[in-house]
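Note sheet for the following structure.
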Amino acid sequence: MTRLDFWTLVMALTWALLIALLFAPVGSILVSSVYDHAGKLTLDNYREFLSQARFHRAFVNTLVVGFGGLAGALLLGSVMAFCVSRFVIAGSRAVSILAILALVSPPFIGAYSWIVLFGAGGVVRGALNAIGIDTPPIYGLGGILTVFAFKFYPYVYLMVSGALANVNRSLEEAAEGLGLTPWQRTLKVSLPMVFPALSAGGLLAFVHAIADFGTPQLLGRGFNVLATEAYALYSAEIGSNLSMATTISVILIAMSMIFVALQRYMSRRNVYHGNMIHKPAKIRLRGWRNALAHAAVYAIGIAGALPVIISVIFSFRRTSGPVFQPGVSLQSYERILFNLADVVRNSLSFSLAAVALIIVTGTLIGVLVARRTSVNTSLLDGAFMIPYVMPGIVIGIAYIAAFNSGPIVLTGTAAIIVLSIFIRRLPYAVRTTSATLRQLSPSLEEAAVSLGYSPLRAFLRVTVPLIMPGVIAGGMLSFVTAINELSSSLVLYVGSTMTMPVRIYLLILDGDFGTAAAMSSILLVLSGAAVYLAFHLMGRNEQALL
């Protein structure tokens with residue numbers, strides 16, 4: 001009974017936490033979306049959304065960039081995963097590192113780095129024009145889709161490469177014996193086996209594409225999507241009515257959840273299982289095929305990591321205000337040290353505070369999901385998909401709507417940023433903890449209880465030490481995403497609570513790319529250190545990043 005009472009209490013507190021920090025804020029934007037400026041209950045906001053051409057275009061544009069980013073990520077990620085998993089590629093570990101660099105690169109810096117290279121006055125575009133090759137600037141839909149493809153392909157690559165490496169080779173050999181061509185074997189045998197991983201990676205690419213605010217904002221040049229429209233409405237209506245911004249937020253939530261449901265339905269409709277033995281052996285290609293495979297892999301890897309490379313190089317360029325000068329200098333880092341140290345301190349303190357909450361809470365919830373299987377915990381596990389796929393700008397607007405008035409007012413404080421990061425990144429810790437626990441037998445904890453330990457003491461003295469590497473790894477991965485969080489912080493910050501990603505965005509808008517590149521390089525170093533520690537603890541599991 002004591003054991004039941006303890007975990008029942010944890011269950012109750014978890015649901016209370018979700019209600020307070022997720023369901024209530026999301027509910028507040030649902031409520032706000034059905035009220036007009038005068039506070040009258042109405043559906044005029046939705047009628048306005050359906051009737052205005054501006055919102056029609058934004059909705060269609062969001063679908064276009066979502067499915068376009070999905071298609072680009074699937075193409076690049078699948079090609080790279082197939083080559084690395086099935087062929088001997090020299091330096092394949094370096095390729096994975098390049099993919100991880102693309103995945104953890106700071107927001108906004110990717111889009112701006114492509115502008116530096118291929119914008120109206122871009123370095124590469126200027127060089128091509130000098131030799132007679134006229135290339136259009138990267139602005140508009142084409143530029144957005146290019147950035148999305150190279151930004152989000154690691155989601156597909158990391159998941160599909162792991163799945164391809166575990167396909168039973170006997171199945172493919174049997175198909176070959178029955179006369180199927182290599183292309184037929186790929187479509188009829190390999191693809192169904194890796195479809196769950198392929199669809200999961202595609203889901204992440206789609207959700208991140210429709211939620212991305214920075215890339216359309218910088219590259220769109222009039223190509224607006226729902227995320228940029230929601231931010232524009234929020235900025236215009238700050239201090240008054242947020243009804244139209246919350247209406248667009250509801251549409252974004254619905255789009256994300258519909259696609260999640262569709263992905264789950266498609267992945268469960270036809271399920272194929274392998275026995276994880278007799279794994280495929282990598283083929284050593286010869287001649288032009290070997291050169292083509294290496295060229296494809298390294299072209300994708302280098303192009304995806306190019307924004308990181310560019311930002312690091314430009315962070316050491318000499319500047320005169322926002323203008324770059326010949327020579328190498330530490331001016332940009334000096335500017336951060338003497339003028340922007342408070343922004344760095346804010347990012348570190350907010351992220352560490354959120355991660356501390358995530359580790360403690362995520363560990364308890366992970367134990368609950370992995371060990372106390374029931375309808376209740378299944379619902380709980382499903383509920384944690386909501387913050388995982390919800391656009392950051394929607395979370396920010398939801399928190400403004402929920403905590404701008406009433407008994408608890410948090411707007412303008414550091415607490416609202418910490419709590420928004422906490423609820424968005426909590427699923428990382430829950431997933432890593434539950435995955436680690438499923439590899440441990442519950443008999444150890446049960447034995448401790450049978451010897452007189454209370455359930456809480458058995459959990460702390462037996463289970464926690466065994467799962468601590470996974471717990472810390474989950475915390476490190478949460479730290480990577482927390483310190484790079486932009487969309488929600490951009491809505492929630494005030495002058496004293498500005499974070500590094502927000503400052504990078506403002507620096508880019510001001511044209512001060514040198515300081516923005518230096519701050520992005522600092523973020524990259526912090527993120528890289530956290531990823532290295534997570535890999536060290538989890539045995540280099542790249543898929544844990546997802």
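Because the structure is predicted, anything quoted here is derived from the model rather than measured.
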Under the ring-ring contact (aromatic ring centres under 6.0 Å, His included) test, which residues partner Tyr139, sequence neighbours left out?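 ring-ring contact (aromatic ring centres under 6.0 Å, His included) list for Tyr139, sorted by chain: empty.
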Which word best sums up how the rings of [X] and [Y] line up, parallel for under 30°, tilted for 30 to 60°, or perpendicular for over 60°?
X	Y	result
Phe206	Phe259	parallel
Phe152	Phe148	tilted
Tyr157	Tyr153	tilted

What's the shortest heavy-atom distance between [X] and [Y], and which atoms?
X	Y	answer
Ser311	Ser521	O-OG, 3.7 Å
Ala530	Val480	CB-CG2, 3.6 Å
Phe150	Ile300	CD2-O, 4.1 Å
Leu22	Pro25	O-CD, 3.3 Å
Ile89	Cys83	CG1-O, 3.6 Å
Gly202	Leu74	CA-CD2, 4.2 Å

Are any side-chain N or O atoms of [X] and backbone N or O atoms of [Y], one a donor and one an acceptor, separated by less than 3.5 Å?
X	Y	result
Asn61	Val225	no
Ser420	Ser488	no
Tyr399	Leu21	yes
Lys151	Gly304	no
Ser349	Asn346	yes
Asp212	Gly214	yes
Ser351	Ser347	yes
Ser33	Leu30	yes
Thr481	Ser478	yes

Can you run down the salt bridge (charged side-chain N to carboxylate O under 4.0 Å, His left out) pairs that involve residues 306-326, sequence neighbours left out, and say none if there aren't any?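 Every pair satisfying salt bridge (charged side-chain N to carboxylate O under 4.0 Å, His left out) with a residue in residues 306-326: there are none.
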Quick one, [X] and [Y] - any side-chain contact, counting heavy atoms below 4.5 Å?
X	Y	result
Glu334	Asn339	no
Ile336	Ile522	yes
Gln217	Tyr505	yes
Leu526	Leu348	yes
Ile313	Phe316	no
Val34	Asn45	no
Phe422	Thr361	yes
Pro307	Ser520	no

So, [X] and [Y]: side-chain donor and acceptor under 3.5 Å apart, yes or no?
X	Y	result
Ser527	Asn484	yes
Asn404	Thr411	yes
Thr247	Tyr46	no

As an exercise, state the distance from [atom1] of [X] to [atom2] of [Y], rounded to the nearest 0.5 Å.
X	Y	atom1	atom2	value
Thr515	Asp510	OG1	CG	10.0 Å
Thr497	Leu492	OG1	CG	8.0 Å
Leu226	Phe55	CG	CZ	9.5 Å
Leu219	Leu141	CG	CG	10.5 Å
Arg345	Leu340	CZ	CG	11.0 Å
Ile504	Met498	CD1	CE	12.0 Å

Verdict with reasoning, Phe403 to Thr413, per side chain to side chain contact (heavy atoms under 4.5 Å, CB included): CA-CA 11 Å; Phe403 300 117; Thr413 67; over 6 Å; no
The test is ring pair (Phe, Tyr, Trp, His ring centres under 6.0 Å); show your working for Phe49 and His56 and say whether it passes. CA-CA 7 Å; Phe49 181 88; His56 288 174; 7.3 Å; no
Applying side chain to side chain contact (heavy atoms under 4.5 Å, CB included) to Arg125 and Asn129, what does each step give before you reach the verdict? CA-CA 6 Å; Arg125 184 170 178 268; Asn129 288 342; 3.8 Å; yes
Begin with the C-alpha distance, continue with both residues' side-chain angles, and end with the deciding distance and a verdict on side chain to side chain contact (heavy atoms under 4.5 Å, CB included) for Leu306 and Ser113. CA-CA 8 Å; Leu306 199 58; Ser113 296; over 6 Å; no
How would you list, by chain and number, every residue that makes a side chain to side chain donor-acceptor pair (under 3.5 Å) with Tyr333, sequence neighbours excluded?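 By the side chain to side chain donor-acceptor pair (under 3.5 Å) rule, Tyr333 matches Ser315.
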Would you mind checking if Asp44 and Arg47 are paired as a salt bridge, meaning a charged N to carboxylate O distance below 4.0 Å?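 Counted as a salt bridge, because a side-chain N and a carboxylate O are separated by less than 4.0 Å.
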Under the side chain to side chain contact (heavy atoms under 4.5 Å, CB included) rule, what do Phe479 and Ile358 come out as? Steps first, then yes or no, please. CA-CA 9 Å; Phe479 176 80; Ile358 287 168; over 6 Å; no
